[in-house]
Number of protein chains: 2
Amino acid sequence: MSQDTPRPDSRASRSVTLQDIAAHAGVSRSTVSLVLRESPLVAEGTRRRVQRSIKALGYVYNRGAAALRGQRTATLGVVVYDIANPFFGAMVAGIDAALNREGYVSFLANSEDSPARQQRFLERMREHRVDGILLCPAEGTAPDLIDTLTSWQMPCVQVLRHVGEPPFDYAGTDFRRGVGLAIDHLVAQGHERIAFLGGHIGHSATRERWQGYREALARHGLAYQRLLRSDVTRRAGFELIPALMAESPAPTAVLCHNDLVAFGAMLGLKRLGRVPGRDCAVIGTDDLEEAALGDPALTSIATHPHAVGEEAARLALRRIGNPDGAREQVVLSPRLQVRDSCGALSTPLESPATTT
Amino acid sequence: MSQDTPRPDSRASRSVTLQDIAAHAGVSRSTVSLVLRESPLVAEGTRRRVQRSIKALGYVYNRGAAALRGQRTATLGVVVYDIANPFFGAMVAGIDAALNREGYVSFLANSEDSPARQQRFLERMREHRVDGILLCPAEGTAPDLIDTLTSWQMPCVQVLRHVGEPPFDYAGTDFRRGVGLAIDHLVAQGHERIAFLGGHIGHSATRERWQGYREALARHGLAYQRLLRSDVTRRAGFELIPALMAESPAPTAVLCHNDLVAFGAMLGLKRLGRVPGRDCAVIGTDDLEEAALGDPALTSIATHPHAVGEEAARLALRRIGNPDGAREQVVLSPRLQVRDSCGALSTPLESPATTT
DNA sequence: TCTACGATTTGGATCAATCCAAAAACAAAA
DNA sequence: TTTTGTTTTTGGATTGATCCAAATCGTAGA
């Protein structure tokens, strides 16, 4: 038994382990482990010797095994509801950038706004023992989902939308304020009839926008109020316009749930023979890269997806490091990016948005 | 020692393990394991009993531990070079859809077209013991990267671009054919001077487009050839146009590396006071959702990102199941989506693209 | 009743790391 | 030289599942 080291060299390509490194460097398994984790305990000479052995044997760290004994997997779950939306592309890039600095990797899943799919993904990520989750809750998510995650002892940061009762961790944009900025601007231009297009009451991000809309109207003492709920797609924006413009009185400006709706609305106006920005002002939300294009260039409430992603990821890392710390809400301030579609600028064509 | 079961109940919330289920159901660890893996070996009655215990104790499968002993992690690495590009959003959604069916989860990383970042990500994914990798190689990737991955015994499917020598696994679009289709169409419209805008020679996807361009010109016996290399951004398209249109003779049509370049080119034409689709035809590549918008709507070579993603993921799963099987190339056929920017249609405005 | 055989079930070894209490090595003070 | 006190290093236990050869259970056939 102990007569000979049980070398299973018959097996093809057994992977190099800590044990092998230890033997090669003439130290113990534990010491090698300490070197790998950059512990200050090991003496400088030993460290160098071990590192040479690691290189020499072509060792590959096994994070799975480490995670089994330790408590970190250096892994984060990200669940969004529409990865094909350019907004989320930018946001995921931001998440990726923040995680990367800390050596974390992210699992990405796309719920397609289905709570059932979302639930499956969350369970799967739990099985993978992710250290935490970034969740953009699907529309119709049960409010107690956050309690469930808490009972799982799973750190969770909600992003852009939130469900359940505070306190919870959240990163997003101040939609209410953003809508306020846009309306202030329109009012300053002389608009008095401003409609709001798009959104379902199913989640917080819509409620916040609507609240901002009503508050701003009240603040300016405007009587006209027109709020049309709908999907938040180009098509929805396109299809809402004809009926809306046929009303009497018709609005002179439309504020849209996001840029996609705004693009659709501009298309709808053109179809009616009206010029967006002259005959009717249009403002979107998100300030996607393509907002600067189009004819006219779209004025939009910039919600900074990349920054939101970064903040969310950073918050998640903080929470993982300190699970019982006070919950945080990171709410970024939006900025109104004025272009031509609200009739404020005279420049007929501007250069494309500056690239990142 | 063996006098009493070593219950470490002093520790707060030790997680439920196979052992606990086994005790609760009155069977062995092994049997529970078989139930979890849906083995046909276990008797129906036993299976039900065990499943009840699993529910009762709130057991969570530990995939990390399973991966350590077994050989699958049910995990795939995905490395793209620009997740903020809407094309990749759609592609990632396709990957996600295909993986999800098989219970796989994906790690996503964004190389930002940097080979160094890409290398770090690949190493990290290797440490996480992903079962395979989907790689959209960064520009400037060393051709021997694929050999390295092979020496790691890491199944790898290249997507959209490829480096190294065949045979390799690859999923993408037939860019050469796509460009051919577009030129056929333009020639049928009477165009004789067709320029190609954008791309760097750094990767296969550009070479294939250029090859398609030259071949198609030759096929139609056209003498005019103008190929401008550049970044593949809106800005690049925008900035190339003035000089190009000032040439004598100027092209009557421009074919663009992707839709972003095409959007920029259209903007550039407008800046010069020309109407895209009337004064100069513009065709893009990818057929992003926003191609249907804009003024005029953009004619584009549809490269079906969602389908490419799905095919790539499926191929990866096949390769994981059969590492030594013959390498495969899945090359989808593009389709020319004719709209207004090439001057072929009379419809001034069309409905937005049908939603998915 | 005994044997054989297929259908189930099982315990011990294993995967590759970390944790932790204790040992060893070394230096400085008594 | 012994004692004390730091640094470093170590081996055994542990993590939670799978693998595999062997044991057990039923039951049909001799």
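Given the structure is predicted, the values throughout are model-derived calculations rather than measurements. Naming: A, B, ... by sequence-line order, numbering from 1 per chain.
Rounded to a whole Å, the CZ atom of B/Arg47 is 13 Å from the C1' atom of C/dA7. With rounding to whole Å, B/Leu36 atom CG is found 9 Å from D/dA17 atom C1'. Atoms CG (B/Leu18) and C1' (D/dT15) sit 12 Å apart, rounded to a whole Å. B/Asn62 has its CG atom 7 Å from the C1' atom of D/dA17, to the nearest Å. D/dA17 atom C1' lies 12 Å from atom CZ of B/Arg63, rounded to whole Å. At whole-Å resolution of the value, CG in A/Leu68 and C1' in C/dC15 are 9 Å apart. Computed from coordinates, the A/Glu127 CD to D/dA17 P distance equals 10 Å when rounded to whole Å. Separating the CD atom of A/Gln19 from the C1' atom of D/dT10 is a distance of 12 Å, rounded to the nearest angstrom.
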Quick one: which protein N/O atoms are closer than 3.5 Å to N/O atoms of nucleotides 21-28 of chain C? Pair and distance per line, please.
none

Can you name the atoms? Protein N/O to nucleotides 19-27 of chain D N/O, anything below 3.5 Å, with the distance.
unit_1: D/dC19; atom_1: OP2; unit_2: B/Arg37; atom_2: NH1; d: 2.5

Could you tabulate the donor-acceptor pairs under 3.5 Å formed by side-chain atoms of residues 61-68 of chain A, not counting sequence neighbours?
unit_1: A/Asn62; atom_1: OD1; unit_2: A/Gly64; atom_2: N; d: 3.0
unit_1: A/Asn62; atom_1: OD1; unit_2: A/Ala65; atom_2: N; d: 3.0
unit_1: A/Arg63; atom_1: NE; unit_2: B/Glu127; atom_2: OE1; d: 2.9
unit_1: A/Arg63; atom_1: NH2; unit_2: B/Glu127; atom_2: OE1; d: 2.7

Side-chain donor/acceptor pairs under 3.5 Å, residues 40-48 of chain B, sequence neighbours excluded:
unit_1: B/Glu44; atom_1: OE2; unit_2: B/Arg48; atom_2: NH1; d: 3.4
unit_1: B/Arg47; atom_1: NH2; unit_2: B/Ser39; atom_2: O; d: 3.3

Using atom types as modelled, flag every donor-acceptor pair under 3.5 Å from a side chain in residues 51-58 of chain B to any protein atom, sequence neighbours excluded.
unit_1: B/Ser53; atom_1: OG; unit_2: B/His24; atom_2: ND1; d: 2.8
unit_1: B/Ser53; atom_1: OG; unit_2: B/Arg49; atom_2: O; d: 3.4

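Not a single donor-acceptor pair under 3.5 Å links the side chain of A/Asp113 to the backbone N or O of A/Tyr81. Within the 3.5 Å criterion, the main-chain N or O of A/Pro166 finds no donor-acceptor partner in the side chain of A/Arg327.
Nearest-nucleotide positions on DNA chain C for B/Glu44 and B/Arg129 put B/Glu44 closer to the 5' end.
Heavy-atom distances under 4.0 Å link DNA chain C to A/Tyr59, A/Val60, A/Tyr61 of residues 51-61 of chain A, given in residue order.
With sequence neighbours left out, the ring pair (Phe, Tyr, Trp, His ring centres under 6.0 Å) criterion links A/Phe121 to no other residue. With sequence neighbours excluded, the residues satisfying side chain to side chain donor-acceptor pair (under 3.5 Å) with A/Arg319 are A/Asp169. Shown here are the side chain to side chain donor-acceptor pair (under 3.5 Å) partners of B/Asp96, two or more places apart in sequence or in another chain: there are none. For B/Arg129, the side chain to side chain donor-acceptor pair (under 3.5 Å) test picks out no residue, with sequence neighbours left out. In terms of the side chain to side chain donor-acceptor pair (under 3.5 Å) criterion, residue partners of B/Asp131 (sequence neighbours excluded) are, by chain and number, B/Thr73, B/Tyr104.
Counting only residues at least two apart or in different chains, ring pair (Phe, Tyr, Trp, His ring centres under 6.0 Å) contacts with residues 125-147 of chain B comprise B/Phe107-B/His128.
No side-chain donor from either of B/Ser114 and B/Ser111 sits under 3.5 Å from a side-chain acceptor of the other.
Residue A/Thr17 has no polar side-chain atom (N or O) positioned under 4.0 Å from OP1 or OP2 of C/dA16. Within the structure, a side-chain polar atom (N or O) of A/Thr31 is placed less than 4.0 Å from OP1 or OP2 of D/dT10. Residue B/Ser15 places at least one side-chain N or O closer than 4.0 Å to OP1 or OP2 of D/dG16.
Checking D/dT9, C/dT9, C/dA16 against the side-chain heavy atoms of A/Leu34 singles out D/dT9 as nearest.
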